Number of protein chains: 2
Amino acid sequence: MTIEMDKDITNAEWEVMRVVWAQTEVPSQVIIDVLMDKRGWKEPTIKTLIGRLVKKGALKTRKEGRKFLYSTDIKEDALVNETLDHFFHNICSKDIGKTIGVLIDEAILSHEDVALLKEKLIQKEQVAYDTVPCNCVKGQCQCQCQRHG
Amino acid sequence: MTIEMDKDITNAEWEVMRVVWAQTEVPSQVIIDVLMDKRGWKEPTIKTLIGRLVKKGALKTRKEGRKFLYSTDIKEDALVNETLDHFFHNICSKDIGKTIGVLIDEAILSHEDVALLKEKLIQKEQVAYDTVPCNCVKGQCQCQCQRHG
DNA sequence: CACTTCCGTTTACAATTGTAATCTTTAATT
DNA sequence: AATTAAAGATTACAATTGTAAACGGAAGTG
């Protein structure tokens with residue numbers, strides 16, 4: 001699931017990726033139109049972002065006539081998941097459940113989504129722990145055994 | 001739930017925050033010890049991070065004798081949730097359910113966590129949609145009505 | 001063929017971020 | 001009181017990021 005790429009996708013670059021993900025191949029003009037409109041960026045700004053993504057290997061190009069068509073091998077869901085996993089390293093593993101709980105509270109879900117998640121929880125029950133072990137470094141969480149001072 | 005603060009917490013700064021969250025008030029020496037050990041950072045590096053957090057209002061100080069004790073008003077779970085909400089803006093609302101699904105798959109959960117989440121899903125069912133409306137800008141997702149090109 | 005337009009490339013530039021050395025107070029110790 | 005040690009403040013500096021202008025070459029137009 002790890003994506004082999006030089007660098008991370010920055011927030012601004014993410015907007016470009018979303019346009020590319022929405023299509024199979026896009027000319028820069030489409031990216032520019034969408035983002036000038038959505039973000040109010042100037043054309044050169046968007047060109048810069050495209051260029052950086054190409055340079056860092058996140059976008060591929062195919063020359064068609066005089067212009068390029070942009071595409072990507074990076075899967076949107078894979079990158080989303082990887083980014084979230086990475087962020088979750090900032091949280092004590094004991095708190096992951098509650099954190100997901102808040103996400104559920106705040107999400108707009110379909111009946112189908114709810115059913116899917118319920119199903120997953122039934123699976124999860126099979127492998128659930130009595131107590132989730134804390135994975136924090138000493139001094140970085142409140143689990144008693146590890147408390148400082 | 002929005003935290004009034006000048007700037008965002010960067011990744012490196014997050015490490016400092018976690019040490020502060022783990023205690024009520026901490027002297028810099030504790031933060032330094034924990035992070036020199038965990039991250040291999042030099043002492044001045046950690047002092048810089050602390051200083052920046054104080055400057056941006058994320059950490060409060062209380063002078064005790066010659067040194068300061070650091071604390072924060074920012075709630076860890078509030079910041080976590082806010083950060084996640086923010087990130088979820090990068091995802092089509094139709095895909096939030098699936099994304100949470102992957103989080104559940106990958107999480108280590110306790111029986112209690114599973115029960116909590118199940119409970120939340122039961123609640124959620126009451127307000128679930130038949131179809132989650134897409135919230136994307138035209139050109140940034142594949143929902144048919146909005147497809148480009 | 002000269003002119004203009006489009007598009008990708010190069011350059012710019014300030015702010016943020018990661019990483020750290022050095023300086024300055026002030027407190028502790030001799 | 002003089003010396004040392006600790007802690008916060010100041011300065012440093014390269015890389016990244018957000019934001020954009022300017023340049024150059026190819027393609028279409030008159």
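Note that this is a predicted model, so its numbers are computed, not measured. The analysis underlying the following values was restricted to heavy atoms, covering all of them including side chains, and did not include hydrogens, waters or symmetry mates. We name chains A, B, ... by the order of the sequence lines, and we start the count at 1 in each one.
Nucleotide dG8(D) holds its P atom 14 Å from the CG atom of L49(B), rounded to whole Å. Distance N11(A) CG to dT16(C) C1': 13 Å, rounded to the nearest Å. Atom CD of E13(B) and atom P of dT16(C) are 11 Å apart (whole Å). If you measure from atom CG of L53(B) to atom P of dA9(D), you get 13 Å, rounded to the nearest angstrom. Distance NZ (K63(B)) to C1' (dA9(D)): 11 Å, rounded to an integer number of Å. At whole-Å resolution of the value, CD in E15(A) and P in dT17(D) are 16 Å apart. Rounded to whole Å, atom P of dG24(D) lies 23 Å from atom NZ of K67(A). If you measure from atom NZ of K55(A) to atom P of dT11(C), you get 11 Å, rounded to the nearest angstrom.
In this structure, T45(A) does not reach the dT19(D) phosphate: none of its side-chain N or O atoms is under 4.0 Å from OP1 or OP2. Close to dT16(D), at under 4.0 Å from its OP1 or OP2, lies no side-chain N or O of T10(A). Here S28(B) reaches the OP1 or OP2 of dG8(D): one of its side-chain N or O atoms lies under 4.0 Å away. OP1 and OP2 of dA7(D) both lie 4.0 Å or more from every side-chain N or O belonging to Y70(B).
Applying the 3.5 Å distance criterion, the base of dT19(C) shares a donor-acceptor pair with the side chain of R52(B).
Checked by atom type and distance alone, the side chain of W21(B) pairs as donor or acceptor with a backbone atom of I74(B) at under 3.5 Å. Listed for the K124(B) side chain is a donor-acceptor partner under 3.5 Å among the backbone atoms of I104(A). At distances below 3.5 Å, not a single donor-acceptor pair connects side-chain atoms of K120(B) with backbone N or O atoms of D105(A).
Nearest-nucleotide assignment on DNA chain D puts the 5′-proximal partner with K47(B), out of K47(B) and R66(A). Nearer to the 5' terminus of DNA chain D, by closest-nucleotide assignment, is the contact made by Q29(B) (compared with the other of T48(B) and Q29(B)).
Using a 4.0 Å cutoff on non-hydrogen atoms, no part of residues 37-44 of chain B comes near DNA chain D.
Salt bridge E15(A)/R39(A): present, at least one basic N to carboxylate O contact under 4.0 Å. The existence of a salt bridge linking E13(A) and R52(A) is excluded, since no basic side-chain nitrogen approaches an acidic carboxylate oxygen closer than 4.0 Å.
Side-chain atoms of Q140(A) and L35(B), non-hydrogen and from C-beta on, do get closer than 4.5 Å to each other.
Judged as a side chain to side chain donor-acceptor pair (under 3.5 Å), and not counting sequence neighbours, the contacts of S93(A) are N135(A).
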